[in-house]
Amino acid sequence: QFVESDDDEELLFNIPFTGSVKLKGVIVMGEDDGTHPAEMRLFRNIPHMSFDDTAREAEQTFSLNRDPLGELEYPTKISRFSNVSHLSMHFPKNFGAETTKIFYIGLKGEWTEAHRHEVTICNYEASANPADHKVEQITPQTHFIS
């Protein structure tokens, strides 16, 4: 089983994560012919990315080698991919065929549960209202020094 591009050699994958991912490496497996992707561009945290959005600068770009067995791992710049909630992978070209085929994409990294903070409604006082702060009557005591 594989994924194949439609009319040209470009492929785009949008991968949402259920938590926060520190992406450390990527493996791409294709055939040992011209349909194997020759370049991979990674984008982070751009949900619903389309081919129109691929004109922007990628977080990291890789020149790929033919890897029909999935033995090559491409290390990412961990500082750029340390807090990823959505990964987009763009394959703009291959090794000369009309379409691109990908058999396997492996992602290596660490997953942590996302901390989604819910909405909190707070009321703050500009100045204290004495009626809200009940304190026992304070009797001032004065000491005279003679």
Side-chain angles (χ1 to χ4, degrees), residues 1-140:
Q1 294 181 343
F2 55 87
V3 174
E4 186 173 10
S5 59
D6 290 338
D7 297 330
D8 58 2
E9 56 192 9
E10 281 189 275
L11 269 174
L12 178 66
F13 292 92
N14 284 306
I15 305 168
F17 298 116
T18 58
S20 179
V21 172
K22 180 189 287 188
L23 186 65
K24 296 181 179 181
V26 179
I27 297 173
V28 177
M29 197 168 89
E31 285 200 62
D32 196 13
D33 59 8
T35 62
H36 193 290
E39 185 178 324
M40 174 176 63
R41 303 174 70 222
L42 299 180
F43 300 87
R44 67 177 171 88
N45 300 336
I46 307 173
H48 312 292
M49 186 172 178
S50 67
F51 283 105
D52 296 333
D53 299 322
T54 59
R56 66 173 53 185
E57 186 177 345
E59 299 292 329
Q60 191 168 0
T61 302
F62 297 93
S63 294
L64 303 179
N65 296 316
R66 289 187 177 122
D67 186 17
L69 301 177
E71 297 173 335
L72 298 175
E73 180 181 323
Y74 300 94
T76 61
K77 295 176 183 173
I78 296 176
S79 61
R80 291 190 182 184
F81 294 97
S82 63
N83 189 16
V84 181
S85 59
H86 189 278
L87 180 68
S88 299
M89 303 175 77
H90 179 227
F91 298 93
K93 59 185 177 180
N94 59 21
F95 286 100
E98 290 184 19
T99 60
T100 301
K101 289 184 183 178
I102 296 178
F103 286 84
Y104 175 81
I105 295 175
L107 303 175
K108 179 182 174 184
E110 297 174 8
W111 178 87
T112 55
E113 187 174 355
H115 298 288
R116 307 234 183 240
H117 192 301
E118 296 181 15
V119 176
T120 305
I121 299 174
C122 299
N123 293 324
Y124 294 97
E125 297 176 353
S127 62
N129 183 357
D132 293 339
H133 307 282
K134 296 182 181 180
V135 179
E136 291 184 26
Q137 188 68 9
I138 300 175
T139 55

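Position 1 is the first residue of the sequence; numbering continues from there. Since the model is a prediction, treat every value here as computed from it, not as a measurement.
Around NZ of Lys22, the count of heavy atoms belonging to other residues, nucleotides or ligands within 6.0 Å does not exceed 12. Other residues, nucleotides and ligands contribute over 12 non-hydrogen atoms within 6.0 Å of the CD atom of Glu4. No more than 12 heavy atoms of other residues, nucleotides or ligands lie within 6.0 Å of CD in Glu98, so this atom counts as exposed by the packing criterion.
When all heavy atoms of Phe43 and His90 are compared, the pair lying nearest together is CE1-CB, 4.0 Å. In plain terms, the two heavy atoms of Ser82 and Ser20 that are nearest each other are O-OG, 4.4 Å. The shortest heavy-atom contact between Phe81 and Leu42 is CZ-CB, 3.7 Å. In this structure, Leu12 and Ser50 approach most closely via the heavy-atom pair CD2-C, 3.6 Å.
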Legend entry - Criterion side-chain contact (heavy atoms from CB on, under 4.5 Å) on Leu69 and Met29, from CA distance to verdict: CA-CA 6 Å; Leu69 301 177; Met29 197 168 89; 5.6 Å; no
Inset, instruction - Could you walk me through whether Tyr74 and Asn65 pass the side-chain contact (heavy atoms from CB on, under 4.5 Å) test, one step at a time? - result: CA-CA 10 Å; Tyr74 300 94; Asn65 296 316; 4.0 Å; yes
Inset, instruction - Report the C-alpha separation of Asn14 and His86 in whole Å, then their side-chain angles, then the decisive distance to 0.1 Å, and conclude whether the side-chain contact (heavy atoms from CB on, under 4.5 Å) test is met. - result: CA-CA 7 Å; Asn14 284 306; His86 189 278; 3.4 Å; yes
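In this structure the side chain of Met49 never reaches within 4.5 angstrom of the side chain of Phe51, judged on heavy atoms. Inter-residue side-chain proximity for Leu107 and Phe17 is flagged as met; some heavy-atom pair is nearer than 4.5 Å. In this structure the side chain of Phe91 reaches within 4.5 angstrom of the side chain of Leu64, judged on heavy atoms.
Under 3.5 Å, the side chains of Asn45 and Ser85 contain a donor-acceptor pair of N or O atoms. Thr76 and Gln60 form no side-chain donor-acceptor contact under 3.5 Å, judged by distance and modelled atom types alone.
In this structure, Leu11 CG and Lys93 NZ are separated by 15.0 Å, a value rounded to the nearest 0.5 Å. Atom CG of Asp8 sits about 8.0 Å away from atom OG1 of Thr100, to the nearest 0.5 Å. The CD1 atom of Ile46 sits 7.0 Å away from atom CD of Glu59, with the distance rounded to the nearest 0.5 Å. The structure places OG of Ser88 at 12.0 Å from CZ of Arg44, a figure rounded to the nearest 0.5 Å. For the atom pair CG of Leu87 and CZ of Phe13, the computed distance is 11.0 Å after rounding to the nearest 0.5 Å. Summarising the geometry, atom CD1 belonging to Ile102 is positioned 7.0 Å from atom CE belonging to Met89; distances are rounded to the nearest 0.5 Å.
Using modelled atom types, no side-chain atom of Arg66 and backbone atom of His36 make a donor-acceptor pair closer than 3.5 Å. Of the possible polar contacts, none joining the Asp67 side chain to the Ile27 backbone as a donor-acceptor pair under 3.5 Å is found.
Results of the side-chain contact (heavy atoms from CB on, under 4.5 Å) test with Asn94 over Glu31, Glu10, Glu9 single out Glu9 as the only residue that passes.
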